[in-house]
Student: 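Here's a structure for you.
Ligands are counted one by one from 1 in listed order, and the atoms in each one are counted from 1 as well.
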Amino acid sequence: MKMPAPSLPTAKVIQVDTRGAVILEEESPETRDSRGIYFPNHIEPVSHIAVDVGGSLAKVVYFTRSPEPPSSPSVAAVRSSEPLTPRSNSPSAEFPTSSSPSSSNIRYNGALTPLVLDSQNHVDGFTLNSEMLRSTMLRRTSQHFPGGSLNFERFETDNIHQCVEFIQSLIERSAKVNEVTIEDMRKSVKIMATGGGAHKFYELFKDTLCVEVRREDEMECLIEGLKFITLIPDEAYYFSDELIQSVSHPTLSPSDQLGLLPDGVLERPGPNPPKFAVTFESNPTPQLPCLLVNIGSGVSLIKVDEDGRFERVSGTSLGGGTLWGLLSLLTPATTFDEMLNLSEQGDNATVDMLVGDIYGQDYSKLGLKSTMIASSFGKVFKKGKGKRTFSPEDISKSLLYAVSNNIGQIAYMNAEKYNLERIYFGGCFIRGNPNIGTLLISSFRAEIHFVFLGHAATITTLSYAIRFWSKGTKRALFLRHEGFLGSIGAWIKNIGPESP
Ligand SMILES: Nc1ncnc2c1ncn2[C@@H]1O[C@H](COP(=O)(O)OP(=O)(O)O)[C@@H](O)[C@H]1O
Ligand SMILES: CC(C)(COP(=O)(O)O)[C@@H](O)C(=O)NCCC(=O)O
């Protein structure tokens, strides 16, 4: 006689309970955009995996259940050129593994919880010893406890097979952990795919993983992702009007602290924008209407109305792929992070033609300081008689400014055209830039988040451009999971009440 198999709960309608959500800490700069988010109150199991495959990167989002927030996220940080090594956010006592993570050098964030299992096939009650039965029951019970993490991973689209392999191992491992057959697990799991690669690699995902693959529209997912992620405390941040100097040099005059010229006019965006302090949205509220500027391989600008309806109003092909591609041509750097590191050490004034190079001084009447870039790369043509070489550092910095300034301008013009005050910047282009640290200043009796500006050229350039051109009426907003909006949207779309 067979004992009935432990039945796992079937979720009809799943809503993510975001109450008390926290972004997990992460030590590695390389993965600081892919910190897990822990939802202490979310109960229903979720077994689908979302993937957003763009022109440059494939982004994966999945949910793992754990009654406690992962205490000490261990990091197997990788540089972008290396094969991706998934990170473990949890020692995961509740998810025992048959293979030791260290033996394979692959570590996972727990396991998926299957929604529906074929009760006949997976456990024969008579073969369970008492320890197995206990752990099965415990696990079964734990599925009714609240708590779980949303996990994030990134792969280069060129290495799409690594992404597929990662998902495959996640599914296989989840089957083992839940003591179900791989066939049952596959029936339970579904891939929500978005981005261009959802179409280009549809067969690859479907045939290799042997699971249902559902394709979702990229723009819809971006907006769904934005609406969801802005509900998470401390996810969105912006540069406040308070300059870093006002924190570190409180003796500066108020006008100096606000980046004002002596006559009270804001300084125009220049190669070294003023250093603003970062403020996090700790009590998030709905942030619509807004403009979303998604800087991926190319750039999409999407106007979102108060009711969530949206329209892609503009775009430019000069985006993240441009920077990545041109710097691959022009510098010896082989990874995106190397390119950003180069840019941090560079001086763009050696290749950019500045206002001062043309005027010999400020163009004060127009408020153009001599240090402002008049023409990106404009000096290259002029330098010397023979062909001169320019340092990879200077070239990288100049191109980073050129692309960021251009996007800042287009963003501002569209925000102006559609009368939008909030401009969210998303996409992995921004990823490598902010290095947000925490400075504890006793006299403030509070933690003040700030950026090490050497790592934040894009963010400061975009922020300051928006602030300057809008005369302070519009605000550039950034997101800690900026590159994952599409994949989060694909994940969330599956679990709304309207889902079949
Ligand atoms: N590790 C990385 N490898 C390559 N590009 C990166 C990396 N991190 C950030 N980027 C930048 O992000 C861009 C891709 O952003 P993303 O939002 O993923 O766009 P897409 O969806 O088109 O792949 C790249 O073109 C590059 O500028
Ligand atoms: C075609 C895309 C929507 C694809 O998205 P991506 O993979 O770049 O994130 C995007 O690259 C884009 O909007 N390009 C700009 C095209 C233009 O309007 O000029």
Side-chain angles (χ1 to χ4, degrees), residues 28-34 50-61 77-85 152-160 162-163 193-201 216-223 225-226 229 292-302 310-328 331 333-343 396 399-400 402-404 406-407 410-411 414 424-435 455 457-459 478-479 481-490:
S28 161
E30 282 82 10
T31 52
R32 62 180 168 245
D33 63 326
S34 359
V51 56
D52 170 12
V53 189
S56 306
L57 302 173
K59 285 78 59 180
V60 179
V61 169
V78 285
R79 298 221 152 250
S80 52
S81 59
E82 292 168 357
L84 185 134
T85 310
F152 304 88
E153 296 294 347
R154 255 190 286 110
F155 305 81
E156 287 185 12
T157 303
D158 257 5
N159 303 328
I160 193 69
Q162 282 177 7
C163 174
T194 189
H199 304 275
K200 188 172 170 189
F201 301 115
E216 294 291 332
D217 176 72
E218 179 176 354
M219 299 297 133
E220 276 177 38
C221 288
L222 283 174
I223 303 307
L226 177 71
I229 204 72
L292 172 63
V293 181
N294 195 62
I295 317 177
S297 308
V299 186
S300 283
L301 289 91
I302 309 157
F310 66 89
E311 184 189 351
R312 183 182 182 278
V313 289
S314 189
T316 167
S317 62
L318 302 181
T322 314
L323 185 80
W324 197 16
L326 282 179
L327 291 186
S328 302
T331 73
T334 52
T335 70
F336 190 73
D337 288 339
E338 275 172 33
M339 293 167 193
L340 289 174
N341 288 341
L342 285 177
S343 78
S396 303
L399 196 59
L400 186 66
V403 173
S404 307
N406 192 49
I407 295 170
I410 298 171
N414 278 279
Y424 284 99
F425 287 93
C428 286
F429 174 71
I430 298 164
R431 180 194 75 82
N433 292 285
N435 190 359
H455 304 265
T458 302
I459 286 194
F478 301 90
L479 301 157
H481 294 88
E482 69 267 289
F484 287 92
L485 295 184
S487 42
I488 293 170

Student: Indicate yes or no: does an N/O atom of W324 lie under 3.5 Å from an N/O atom of ligand 1?
Tutor: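 Between W324 and ligand 1 (N or O atoms, distance only) the closest approach is not under 3.5 Å.
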Student: Can you work out which protein residues put a heavy atom within less than 4.0 Å of ligand 2?
Tutor: G54, G55, E218, M219, S297, G298, V299, S300, R312, G315, T316, S317
Student: Classify the ring geometry between F152 and H481 as parallel (under 30°), tilted (30 to 60°) or perpendicular (over 60°).
Tutor: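 Ring orientation of F152 relative to H481: tilted.
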Student: Applying side chain to side chain contact (heavy atoms under 4.5 Å, CB included), can you list everything that pairs with L318, at least two apart in sequence or on another chain?
Tutor: T316, T322, N406
Student: Is any N or O atom of S297, backbone or side chain, closer than 3.5 Å to an N or O atom of ligand 1?
Tutor: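 Yes; the residue has a nitrogen or oxygen that sits under 3.5 Å from a nitrogen or oxygen of the ligand.
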Student: May I ask which of F336, F155, F484 has a heavy atom nearer to atom 11 (C) of ligand 1 than the others do?
Tutor: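 Of the listed residues, F336 has the closest heavy atom.
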Student: When only distance counts, is L57 in polar contact with ligand 1, meaning an N/O pair under 3.5 Å?
Tutor: yes
Student: Under 3.5 Å between some N or O of ligand 1 and some N or O of G483?
Tutor: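 No; the residue has no nitrogen or oxygen that sits under 3.5 Å from a nitrogen or oxygen of the ligand.
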Student: Out of C428, G319, G197, G54, indicate the one that has the non-hydrogen atom closest to atom 17 (O) of ligand 1.
Tutor: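 Nearest heavy atom to atom 17 (O) of ligand 1 lies in C428.
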Student: Taking only residues two or more places apart in sequence or in another chain, which ones pass side chain to side chain donor-acceptor pair (under 3.5 Å) with S56?
Tutor: S297
Student: What are the two closest heavy atoms between C163 and V60, and how far apart are they?
Tutor: SG-CG2, 3.7 Å
Student: With sequence neighbours excluded, tell me which residues meet ring pair (Phe, Tyr, Trp, His ring centres under 6.0 Å) with Y424.
Tutor: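 Y424: no ring pair (Phe, Tyr, Trp, His ring centres under 6.0 Å) contacts found.
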Student: Near G427, which atoms of ligand 1 are under 4.0 Å from a heavy atom of that residue?
Tutor: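 Counting from 1, the qualifying ligand atoms are 17 (O).
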Student: To the nearest 0.5 angstrom, please state how far the CG atom of L222 sits from the CD1 atom of I302.
Tutor: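 Between L222 CG and I302 CD1, I get 5.0 Å after rounding to 0.5 Å.
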Student: Check whether any N or O atom of K59, backbone or side chain, sits under 3.5 Å from an N or O atom of ligand 1, and answer yes or no.
Tutor: yes
Student: With a 3.5 Å distance limit and no angle check, can you tell me whether D217 reaches the backbone of E220 through a side-chain donor-acceptor pair?
Tutor: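 Here the side-chain-to-backbone pair exists.
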Student: With heavy atoms of G55 as the reference, note each atom of ligand 1 found under 4.0 Å away.
Tutor: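 Those qualifying, in numeric order: 20 (P), 22 (O), 23 (O).
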Student: Between ligand 1 and G321, is the shortest N or O to N or O distance under 3.5 Å?
Tutor: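 Yes.
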Student: If only atom types and distance count, is the side chain of T458 paired as donor or acceptor with the main-chain N or O of S404 below 3.5 Å?
Tutor: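 Between the backbone of S404 and the side chain of T458 there is no qualifying donor-acceptor contact (under 3.5 Å).
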Student: State whether the shortest distance between N or O atoms of F429 and N or O atoms of ligand 1 falls below 3.5 angstrom.
Tutor: yes
Student: Take V51 and K59, measure what side chain to side chain contact (heavy atoms under 4.5 Å, CB included) needs, and give me the verdict at the end.
Tutor: CA-CA 6 Å; V51 56; K59 285 78 59 180; over 6 Å; no
Student: Donor-acceptor pair, S487 side chain versus A50 backbone, under 3.5 Å?
Tutor: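 It does not hold such a pair.
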Student: If you take all heavy atoms of C428 and G483, which pair is closest and at what distance?
Tutor: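 Between these two residues, the closest heavy atoms are SG-CA, 3.6 Å.
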